[in-house]
Amino acid sequence: MFAPATIEARSKPELYRELALQLRGLVEDERDPVANMANASALLWGALPDLNWAGFYVLRSVGELVVGPFQGKPACTRIPVGRGVCGTAVAEARSIVVEDVHSFPGHIACDAASRSELVVPVRAEGRIVGVIDLDSPVPARFDAEDRDGIERIAAILGDACDWAPPAR
Ligand code: SME
């Protein structure tokens, strides 16, 4: 059984270093993407304060994201690439920190409580396979340290799983 190490981080970079270590431990003997995304979303949800959603959208077919394992309220099932924060992160192949979701054109409001958001692409062998999406009810909850930390988490997951190629 997974016993989460107590997180005693004094700074965000330290917190993300500890989370990365814990994630490596969780995924080291498993290559199934659903299993690893499920455990990763539970890990992030349990360790990061002030979240109302933490999970994944997966590029299951070309041009469209489908919701993957997550913690939080039920969310939009499918997001076209190029739409919302998640779809824009895939289209532009970059992480996006949104301080105020109301000022992001095309933001998709799955939960009216969300005020800020962080979306980070997950890559496997250079190809984007999905995104990590974190939502917060607190405005400007995420900064560059969160982005860097979640990019590290995304890199671990990208390498740790056997990702199916997207359907045409
Ligand atoms: N807000 C996201 C949609 C996903 S939910 O927040 C879980 C977006 O604009 O892409």
Side-chain angles (χ1 to χ4, degrees), residues 12 15-16 19 23 26-27 32-124 126-158 160-161 163-167:
K12 269 194 205 181
L15 169 63
Y16 284 109
L19 277 176
L23 181 62
L26 275 171
V27 302
D32 184 275
V34 172
N36 288 342
M37 288 188 285
N39 273 331
S41 59
L43 183 70
L44 296 174
W45 179 256
L48 298 175
D50 299 324
L51 301 184
N52 62 329
W53 205 87
F56 291 83
Y57 279 88
V58 187
L59 209 50
R60 296 283 299 280
S61 57
V62 173
E64 189 176 60
L65 291 161
V66 183
V67 73
F70 68 92
Q71 305 275 310
K73 288 188 183 166
C76 327
T77 307
R78 289 173 188 266
I79 299 177
V81 169
R83 289 274 315 280
V85 187
C86 293
T88 303
V90 173
E92 298 182 1
R94 64 183 180 97
S95 302
I96 301 181
V97 177
V98 182
E99 292 196 350
D100 173 8
V101 296
H102 300 311
S103 68
F104 187 94
H107 168 259
I108 301 165
C110 294
D111 181 346
S114 295
R115 294 298 310 279
S116 58
E117 181 160 356
L118 168 62
V119 177
V120 170
V122 179
R123 291 179 174 81
R127 173 175 73 87
I128 294 181
V129 293
V131 297
I132 298 178
D133 181 16
L134 301 180
D135 289 356
S136 174
V138 177
R141 157 69 180 79
F142 307 103
D143 60 16
E145 289 182 341
D146 294 291
R147 182 200 60 209
D148 293 352
I150 296 299
E151 285 180 351
R152 193 168 174 154
I153 296 291
I156 293 169
L157 274 169
C161 306
W163 300 94

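Quick note: numbers below take in every heavy atom, side chains included, and nothing from hydrogens, waters or symmetry partners. Atoms within a ligand are numbered from 1 in the order they appear, just like the ligands themselves.
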Item to check | salt bridge (charged side-chain N to carboxylate O under 4.0 Å, His left out) between Asp146 and Arg141, intermediate numbers included | outcome: CA-CA 9 Å; Asp146 294 291; Arg141 157 69 180 79; 3.4 Å; yes

Checklist entry - Stepwise, does the side-chain hydrogen bond (donor to acceptor under 3.5 Å, both in side chains) test hold for Ser136 with Glu117? => result CA-CA 6 Å; Ser136 174; Glu117 181 160 356; over 6 Å; no

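When heavy-atom distances to ligand 1 are checked against a 4.0 Å cut-off, Asp135 comes that close only through its side chain, counted from C-beta outward. Residue-level proximity to ligand 1 for Val101 is absent, since no heavy atom of it falls below 4.0 angstrom. Under 4.0 angstrom from ligand 1, there are no non-hydrogen atoms of Val119.
Asn52 and Ser114 share a donor-acceptor pair across their side chains, judged by distance under 3.5 Å alone.
The closest approach between a heavy atom of Tyr57 and any atom of ligand 1 is below 4.0 Å.
Listed by atom number, the atoms of ligand 1 under 4.0 Å from His107 heavy atoms are 1 (N), 9 (O).
Of all protein heavy atoms, the one lying nearest to atom 5 (S) of ligand 1 is Cys110 SG, 3.1 Å. Protein heavy atom at the shortest distance from atom 4 (C) of ligand 1 is Asp133 OD2, 3.3 Å. In terms of protein heavy atoms, atom 10 (O) of ligand 1 is closest to Cys86 N, 2.8 Å. Of the protein's non-hydrogen atoms, the one nearest atom 2 (C) of ligand 1 is Glu117 OE2, 3.1 Å.
For ligand 1, the polar-atom distance check against Trp53 finds no nitrogen or oxygen pair separated by under 3.5 Å. In terms of polar-atom proximity, defined here as any N/O pair under 3.5 Å, Ile108 does make such a contact with ligand 1. For the pair Arg83 and ligand 1, the shortest N or O to N or O distance does not fall below 3.5 Å. Checking only distances, Gly106 never comes within under 3.5 Å of ligand 1, N or O to N or O. Geometrically, ligand 1 and Val85 share a nitrogen or oxygen pair separated by less than 3.5 Å.
A salt bridge links Lys12 with Asp143; the closest basic N to acidic carboxylate O contact falls under 4.0 Å.
Between the Trp53 side chain and the Phe70 main chain, no donor and acceptor come within less than 3.5 Å of each other.
At least one side-chain heavy atom of Phe56 sits less than 4.5 Å from a side-chain heavy atom of Ser41. Residues Val119 and Tyr57 fail the side-chain proximity criterion, which asks for heavy atoms closer than 4.5 Å.
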